[in-house]
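What follows is one structure encoded as structure tokens, with my remarks underneath.
Every value quoted in this text rests on a predicted model; they were computed, and no experiment measured them. Naming convention: chains lettered A, B, ... in sequence-line order (proteins, then strands); numbering from 1 in each chain.
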There are 2 protein chains.
Amino acid sequence: MYIYDLTLTLSGILSFALQAYDRVFSESENSLHTNDFKNTLLKALDRDIIGRLRLQPVKFELKHEIEKPDDPIEHLYFLEEGMASMTTTFKDGSQVEVGMFGYESAIGVSALMGTKVSLNRIYTQIAGHGYSCQVEDARREFRLGGHFQFLALRYVQAQLVQAMQSAGCNAKHNFEQRLARWLLICADRAHTDTFKISHEFLADMLGGRRPTISTTAGILKRKGLIEYSRGEIRILDIPGLMKVSCECYLIIKDHLDNYSKFDTAITA
Amino acid sequence: MYIYDLTLTLSGILSFALQAYDRVFSESENSLHTNDFKNTLLKALDRDIIGRLRLQPVKFELKHEIEKPDDPIEHLYFLEEGMASMTTTFKDGSQVEVGMFGYESAIGVSALMGTKVSLNRIYTQIAGHGYSCQVEDARREFRLGGHFQFLALRYVQAQLVQAMQSAGCNAKHNFEQRLARWLLICADRAHTDTFKISHEFLADMLGGRRPTISTTAGILKRKGLIEYSRGEIRILDIPGLMKVSCECYLIIKDHLDNYSKFDTAITA
DNA sequence: ATATCTTTGTACGGTATCTGACATAACTTG
DNA sequence: CAAGTTATGTCAGATACCGTACAAAGATAT
């Protein structure tokens, strides 16, 4: 409890500082690399590029399927709020999550990598909204080789790290560690500590069975790290969850948080 | 035994056909997109690009470390023969394989994605040789936005598929399936049915324990699919292994085999 | 040949997770 | 408020794999 209060205080200070920071920049209207987007990638782009992408606002409802395997990719999506999962589906119908998308996301970048069709299923886990962009507009901008290309490539790289770390994690870490990791990444991506998701779905994401997740979630609940009821989960103690989670959380978080920063040589 | 003889015969016919194919093309010396490389990516490049990359032949000895986490990437490597593994290493010292590199590989492409330092350990599992290229030369060529960029991006995409499929596979499939998958991909990447690797190392790759691998390998041996002794494994029955393996093998193989093909909309 | 090292075989108690089933609790609908 | 639906709790037997230990067999060095 003490630790949690400390976190609140710290984040309070931080958000105050950030608001001040935003005010300074919104006053210098001509400043490059500054706009009102919440999406990491869009936020980092300057006005003319944003203009050329011809963005359209989009709403994402719960369980909306953004990409379907083998379907042609026609749009890129940049989430501002909400969270989406990418899963691989096996022949027996079971699925496992291989990537998460939040406010840092550019969904559909593989279309810029020379692939025409979607490789995996992507669908909304937490309803939200964002922007879409025609894949041709994105391709045209990408080919210019400028900042948009830079960011798209860095983001693909971050996705690769996420997938690789998940591969190792799924092989070595138990469900308590992985559930904690999932909850933390989800909270980060969606900027929220409460979200609607059932044990059934969590089991799919982690590649386990529902009763296993129920007992594992029960352990976290008894430890006072989370609370939940009928599909609604609330995170109570982030530092506590981090202690339970495996190291994979911070590695993935680091890359998803920082891929857009120009001068960072990202080190795990 | 019967199946194995059939396989030998088929591969005999195939290699004869391929030799004939090579002869035809080496006669038309000026043809674009044709050269004597065995490496998929280099093979697909035309003469002027190859020239600009200023390739240097390299030998890779067993267990040679090609990339080390956090070390700056200074060269790209294109394997012609041999096989290398990329692993993620956890704090407790254990490691799990997250990618394999063979004759299709371009090791170090993440340097073209905006990352300066290596993310994971990469080291030779099967000794071989190939070509190296200064990362600056590769970056310069990449920025031209031509065929080299196209292929590098497609290859990164193939790596992403490999990592994502491994993530799902490690979560859902058992050791017999995954061992069979590993052996098949290894045989494909290294173009060989015999390779030196101990159970100890296989355990690391698959994220299991050595005794587990020993018993699992014993099962495959008793089924007549492989034979082995003191670190040398030979694959006897590819179709048989494919039956034992999970679907992940073909999905990964498809992408690694075909990423370089211009007009293929790769479908898993 | 002997000693040493590496690799593999195997055994055994312990644990995590599976599988399937059933019960209960909390919402939703009529 | 009764009935139906969805989400969760729980249990018990089965299985896969762990962790550890030790033995045997094949290589290598002396």
Side-chain angles (χ1 to χ4, degrees), chain A residues 62-63 90 92-97 125-126 168-183 194-223 225-234 244-246, chain B residues 62-63 90 92-97 125-126 168-183 194-223 225-234 244-246:
Chain A
L62 199 58
K63 309 293 172 202
F90 294 117
D92 67 357
S94 66
Q95 52 174 334
V96 181
E97 185 181 70
Q125 293 277 17
I126 299 178
C169 187
N170 290 346
K172 293 293 260 188
H173 301 143
N174 64 30
F175 277 107
E176 190 179 358
Q177 297 175 294
R178 283 157 61 197
L179 177 55
R181 174 195 61 143
W182 193 93
L183 293 169
T194 312
F195 32 87
K196 278 197 79 69
I197 196 159
S198 69
H199 294 181
E200 185 81 45
F201 253 95
L202 278 172
D204 265 3
M205 295 305 103
L206 300 178
R209 297 282 154 171
R210 203 271 309 158
T212 308
I213 299 302
S214 288
T215 45
T216 310
I219 293 170
L220 298 183
K221 184 189 230 168
R222 252 167 276 127
K223 287 185 182 172
L225 306 178
I226 62 174
E227 65 184 22
Y228 60 88
S229 155
R230 292 191 63 74
E232 184 146 317
I233 302 186
R234 172 189 289 268
V244 169
S245 154
C246 47
Chain B
L62 199 58
K63 308 296 171 201
F90 294 117
D92 67 355
S94 66
Q95 52 174 334
V96 181
E97 185 181 71
Q125 292 278 17
I126 299 178
C169 187
N170 290 346
K172 293 294 259 188
H173 301 142
N174 64 29
F175 278 106
E176 191 180 357
Q177 297 175 294
R178 283 157 59 197
L179 177 55
R181 174 195 62 143
W182 193 93
L183 294 169
T194 312
F195 33 86
K196 279 197 80 69
I197 197 160
S198 68
H199 294 182
E200 185 81 47
F201 253 94
L202 278 172
D204 266 3
M205 296 306 102
L206 300 179
R209 296 283 152 168
R210 203 271 309 159
T212 308
I213 299 302
S214 288
T215 43
T216 310
I219 294 170
L220 298 184
K221 185 190 228 170
R222 251 168 275 125
K223 287 185 181 172
L225 306 178
I226 60 173
E227 64 183 22
Y228 60 88
S229 155
R230 292 190 64 73
E232 184 147 316
I233 302 186
R234 171 190 289 268
V244 169
S245 155
C246 47

What's the CZ-C1' distance between B:F175 and C:dA16, to the nearest Å?
->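 Answer to the nearest Å: 13 Å.
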
Between C:dT17 atom C1' and B:N170 atom CG, what is the distance in whole Å?
->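 Taking atom C1' of C:dT17 as the reference, CG of B:N170 is at 16 Å.
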
Could you check if a side-chain atom of B:V244 sits within less than 4.5 angstrom of a side-chain atom of B:I219, using non-hydrogen atoms only?
->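 Heavy-atom side-chain distance check fails, nothing below 4.5 Å.
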
Hey, does B:L202 have a side-chain heavy atom less than 4.5 Å from the side chain of B:I233?
->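 Yes, close enough: below the 4.5 Å cut-off.
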
Quickly, which of A:T216, A:T215, A:I213 forms a side-chain contact (heavy atoms from CB on, under 4.5 Å) with A:H199? Name it, please.
->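 Going through the options one by one, the only one that passes is A:I213.
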
How sharply is the helix from C:dA1-D:dT30 to C:dG30-D:dC1 bent, taking the axes over five pairs at either end and rounding to 10 degrees?
->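 If I round to tens, the end axes sit 30° apart.
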
Any pair with a residue in residues 171-181 of chain A that passes salt bridge (Lys or Arg N to Asp or Glu O under 4.0 Å), sequence neighbours left out, goes on the list, sorted by first then second residue, please.
->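 Matches after skipping sequence neighbours: A:E176-A:K223.
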
Rounded distance (nearest 0.5 Å) linking atom [atom1] of [X] with atom [atom2] of [Y]:
X      : Y      : atom1 : atom2 : value
B:F90  : B:Q95  : CZ    : CD    : 10.0 Å
B:C246 : A:D92  : SG    : CG    : 11.0 Å
A:T212 : A:L179 : OG1   : CG    : 11.5 Å
B:I197 : B:Y228 : CD1   : OH    : 14.0 Å

Only counting residues at least two apart or in another chain, list the ones meeting side chain to side chain donor-acceptor pair (under 3.5 Å) with A:R210.
->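 Residues passing side chain to side chain donor-acceptor pair (under 3.5 Å) with A:R210: A:S214.
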
Could you list where the contact with chain B starts and ends along DNA chain D, reading 5' to 3', using a 4.0 Å heavy-atom cut-off?
->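 Using the under 4.0 Å cut-off, the span is D:dC17 to D:dA27.
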
Pairs under 3.5 angstrom, nitrogen or oxygen only, protein versus nucleotides 7-11 of chain C, please.
residue : atom : partner : partner atom : Å
C:dT7   : O4'  : B:R230  : NH1          : 3.3
C:dT7   : O3'  : B:G231  : N            : 3.3
C:dT8   : OP1  : B:R230  : N            : 3.4
C:dT8   : OP1  : B:G231  : N            : 2.6
C:dT8   : OP2  : B:H199  : N            : 2.8
C:dG9   : OP1  : B:Y228  : OH           : 3.4
C:dG9   : OP2  : B:Y228  : OH           : 3.2
C:dG9   : N7   : B:R210  : NH1          : 3.1
C:dG9   : O6   : B:R210  : NH2          : 2.8

Please identify each residue that fulfils side-chain contact (heavy atoms from CB on, under 4.5 Å) with B:K196, with sequence neighbours left out.
->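 By the side-chain contact (heavy atoms from CB on, under 4.5 Å) rule, B:K196 matches B:E232.
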
